[in-house]
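Please read the structure below before turning to the comments.
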Number of protein chains: 2
Amino acid sequence: MRNEIYQAQTSKPGENPDNVMRIRAVGSFHVGGRSVTLGGLPERDMPIGGGDSSLRVDPNGDFEVEQMYAQYILLEEPKARYPMLMVHGGGLCGTTWETKPDGRPGWQQFFLQAGYDVYVSDAVERGRASWARYPEVFQSEPFFRTKKEAWETFRIGPLGGYRTRPSMRIAEPGTLFPIEAFDQLAKQSMPRWPTNDAAIQAAYDAYLRAVGPCVVVVHSQGGNFMLNAALHVPGTIKAMVVIEPTGTPYHATADLSALKNVPILFVWGDYVESNPFWKNTRDRVEQFRQRMLELGGIADVLNLPAGGISGNSHMLMMDRNSDDIARMVQRWLAAREVMK
Amino acid sequence: MRNEIYQAQTSKPGENPDNVMRIRAVGSFHVGGRSVTLGGLPERDMPIGGGDSSLRVDPNGDFEVEQMYAQYILLEEPKARYPMLMVHGGGLCGTTWETKPDGRPGWQQFFLQAGYDVYVSDAVERGRASWARYPEVFQSEPFFRTKKEAWETFRIGPLGGYRTRPSMRIAEPGTLFPIEAFDQLAKQSMPRWPTNDAAIQAAYDAYLRAVGPCVVVVHSQGGNFMLNAALHVPGTIKAMVVIEPTGTPYHATADLSALKNVPILFVWGDYVESNPFWKNTRDRVEQFRQRMLELGGIADVLNLPAGGISGNSHMLMMDRNSDDIARMVQRWLAAREVMK
C-alpha cells in the first residue's frame with residue numbers, strides 16, 4: 001500500500017504545468033524555549049548492541065528545552081499580502097497539513113499554489129520541536145493516543161466503532177475520511193504531555209513575534225493557543241481560520257478587545273450532534289463567537305452540514321472533499337482583503 | 001537574536017532570480033513500522049490545568065510504531081537523474097539539512113537549486129517519525145545529549161572546552177562552525193534510544209524500497225544505516241556521500257559485494273587527530289574503504305584538512321564554508337553520471 005501511496009503522490013513532471021510553484025527559499029528555524037541545567041541525577045548504564053554491552057551515560061548538564069519548530073516555503077511572487085501559518089492540533093504535529101494519509105497533496109501545497117508563503121510548525125514537545133526529560137523539565141509523563149481514541153475523537157467512526165482489524169471498523173455513515181488510510185494517519189500520532197500548556201503558549205507567542213504580520217489556519221487544540229497568541233501579540237494576525245477548536249480564551253473576565261480586529265472563521269464538520277464531547281465543545285465555542293460579535297468583531301462560522309455538506313470528520317483537511325473546503329476557506333480569506 | 005536570524009533567512013523576493021526553484025510537488029509520508037497492541041497497563045490520572053484537576057488515561061490499546069518520516073520537494077524539471085535522500089545522524093533529525101543554525105540556507109536548498117528532487121527524512125524515534133512507549137515497545141529509556149557532549153563530539157571545541165555561558169566556551173582554533181549559533185543547533189537535539197537500531201534499519205530499508213533509484217547524502221550515525229540499506233536493497237543507491245560515519249557494516253564475514261557497484265565518497269573534517277573517538281572511528285572507516293577498493297568498488301575520500309581546508313567540525317554542512325563543501329560533493333556526484 002505504501003508504494004501505491006508513494007506513486008500516487010509523485011506524479012510525473014509536466015502533468016500540471018499550471019500548478020508549478022516558483023520558490024525563492026525553503027528552510028526552517030526553532031524559536032522560543034530556554035536553557036536549563038540538570039544536576040544530581042545518577043549515571044546510568046544503557047544497553048547497546050542488543051544488550052550485549054552497555055554505555056555509561058551521565059544525564060547531567062545543559063540542555064535547550066521548550067523551543068518550537070517551523071518550516072517555511074517562500075514564493076518568488078506571493079499573491080497574498082501575508083504568509084500563512086498552519087498550526088496543528090493535539091497529539092499531532094505539522095504533518096497534518098502535508099500530504100494526506102491517502103497520498104493526495106495536502107493543504108500546505110494547496111495554499112502555496114493559492115499564492116501564500118506557507119509556514120508549517122510543530123509545537124513544543126512534538127515532532128521536530130523535540131521534547132525534554134520528565135519529570136525534571138516537563139512535569140508529568142506523556143501519554144499516547146490509541147487508535148481507538150483517534151477513531152472516535154476524530155469522528156471517523158462512532159463511539160465504540162473501532163476494531164483492531166481495519167476491515168471490521170465501523171465508520172460514520174457517509175464519512176468522507178479515507179478510512180483505508182486511517183492507519184497511515186495513526187503513524188502521524190505524537191505523544192503529548194498534559195502539563196506543557198504554558199511552555200507551548202510561550203513558544204507560539206515568540207513564533208508570532210518572529211514572523212510578524214500573517215494569516216493563521218489552525219486546527220483543534222491549536223485553536224486556543226493561537227487565539228491567546230492573538231491576544232498576547234496584538235495586531236499581528238490579520239485573519240484566522242479556526243477549524244474545530246477544542247477551546248477558546250474562556251475566562252469571563254478576559255479582555256478580548258485585541259481580538260476585535262482579527263476576522264475569524266470557525267469551521268465545523270459533521271457528526272457533532274451525536275458526540276457529547278464535540279457537541280459541548282461546539283456550544284462553548286459558539287458562546288465565544290457571540291462574545292466576539294458583541295464586541296463588534298468579524299466572527300463567521302462555516303458549519304459544513306448546516307450548509308448541506310455532510311460527511312466531514314474532525315480531520316477535514318484530509319477528507320475526500322478537503323480541497324473543496326480549502327477553496328471555501330480561501331474565498332473567505334480573500335474577502336478579508338489578505339490578497340494583493 | 002532569533003529575529004535577526006529570521007530576517008537574514010527571509011530575504012526579499014527578486015534578490016536572487018537565478019536561484020528560483022520551480023516546484024511541482026511538496027509533501028511527505030511515513031514508511032515502515034508496525035501495529036502493536038498494549039494491554040494490562042494500569043489507568044493513570046494525569047494532572048491537567050496546572051495540577052488543579054486530572055484526566056483519567058487508559059494507556060491500553062492499538063498503536064502504530066517504528067515508522068519513519070520523509071518530506072520531499074520535487075522539481076518541475078530536475079537536472080539529476082535520481083532524487084537525493086538526505087539522511088541525518090544520531091540524536092538529530094532532518095533539520096540537519098535545512099536552514100543552518102546561523103540562518104543561512106541549508107544543503108536542502110543547495111541541492112534543490114543544483115537540480116535534485118530532495119527528500120529529507122527523520123529516523124524512527126525522532127522528529128516527525130514520532131516515538132513509542134518504553135519499555136513496552138522501545139526496550140530502554142531514552143537519553144538526551146548535553147550541550148557539553150555536542151560541543152565535544154561535534155568537534156566544535158576540544159574535550160573540556162564547553163562552558164554554560166556562551167562567551168566562555170573554548171572553540172577549536174580556527175573553527176568554521178558559527179559558534180554564536182551553537183545554542184540554536186542545540187535546539188535541534190533529539191532524544192535517542194540505544195536499543196532501536198533494528199527498527200531504524202528496517203524502516204530505512206522500507207524507505208529505500210519506496211523511493212527507488214536515488215543518490216544518498218548521509219551524516220554520522222546514519223552512515224552505517226544507509227550502507228546496510230544499500231546491502232539490503234541492492235541496486236537502488238546510485239551514488240552515496242557518507243559524511244563522517246560513526247560506523248560501517250563491520251562483520252568480517254559480511255558479504256559486501258552489493259556495495260561494489262555503489263560509488264561512495266567519504267568526507268572528513270578537521271580536528272580528528274586530537275579526538276580519540278574520531279581518530280579511532282576514521283581509522284576503522286578507512287579499513288572499510290580499503291575493503292571496498294579491494295572489491296573493485298569506487299570508494300573515494302575527501303579529507304578536507306589533507307586537501308588544505310582546515311577548520312571544519314563534524315557538523316560541516318553548517319560550517320561557514322559548507323556551501324564550498326557542497327559544491328565539491330556535487331562535482332563528485334556529477335562525475336558519477338547522476339546528472340542528466
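Throughout, a chain's letter reflects where its sequence line sits, starting with A, and its residues are numbered from 1. The structure displayed is predicted, hence computed values, not measured ones.
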Proximity breakdown for B:Leu38 and chain A, heavy-atom pairs closer than 4.5 Å: neither
Flag the one option from B:Gly106, B:Ala132, B:Gly33 with the top tally of heavy-atom pairs under 4.5 Å to chain A. B:Ala132
Whatever's closer than 4.5 Å to a heavy atom in chain A on B:Gln188 counts as both
CG (A:Asn60) and NZ (B:Lys148) are apart, to the nearest 0.5 Å, by 11.5 Å
Value rounded to 0.5 Å, distance of CZ in A:Arg128 from CZ in B:Arg128: 5.5 Å
Could you tell me if the side chain of B:Met46 sits less than 4.5 Å from the side chain of A:Phe143, heavy atoms only? yes
Would you please classify the geometry between the A:Trp131 ring and the B:Trp131 ring as parallel, tilted or perpendicular, with 30° and 60° separating the classes? parallel
Please look at B:Gln67 and chain A and tell me whether the side chain, the backbone, both or neither of the residue comes under 4.5 angstrom of a heavy atom of that chain. side chain
Polar contact flag, side-chain donor to acceptor under 3.5 angstrom, B:Glu98-A:Tyr69: yes
Which one wins on heavy-atom pair count under 4.5 Å against chain B: A:Trp193, A:Tyr162, A:Phe144? A:Phe144
Between B:Gln71 and A:Gln71, does a side chain to side chain donor-acceptor pair (under 3.5 Å) hold up when you go through it step by step? CA-CA 11 Å; B:Gln71 186 184 51; A:Gln71 186 184 51; 2.7 Å; yes
Can you check side chain to side chain contact (heavy atoms under 4.5 Å, CB included) on A:Asn19 and B:Arg24, steps first, answer last? CA-CA 7 Å; A:Asn19 287 334; B:Arg24 76 177 195 275; over 6 Å; no
Pairwise distance CZ(A:Arg145) to CZ(B:Phe63) - rounded to 0.5 angstrom: 11.0 Å
Looking at A:Cys93, A:Gly61, A:Pro142, which has the largest count of heavy-atom pairs under 4.5 Å with chain B? A:Pro142
With a 4.5 angstrom heavy-atom cut-off, could you sort out which part of B:Arg126 is near chain A: side chain, backbone, both or neither? neither
What's the shortest heavy-atom distance between B:Pro191 and A:Ser130, and which atoms? CD-OG, 3.4 Å
Between OG1 of A:Thr146 and CG of B:Asp58, what distance do you get to the nearest 0.5 Å? 7.5 Å
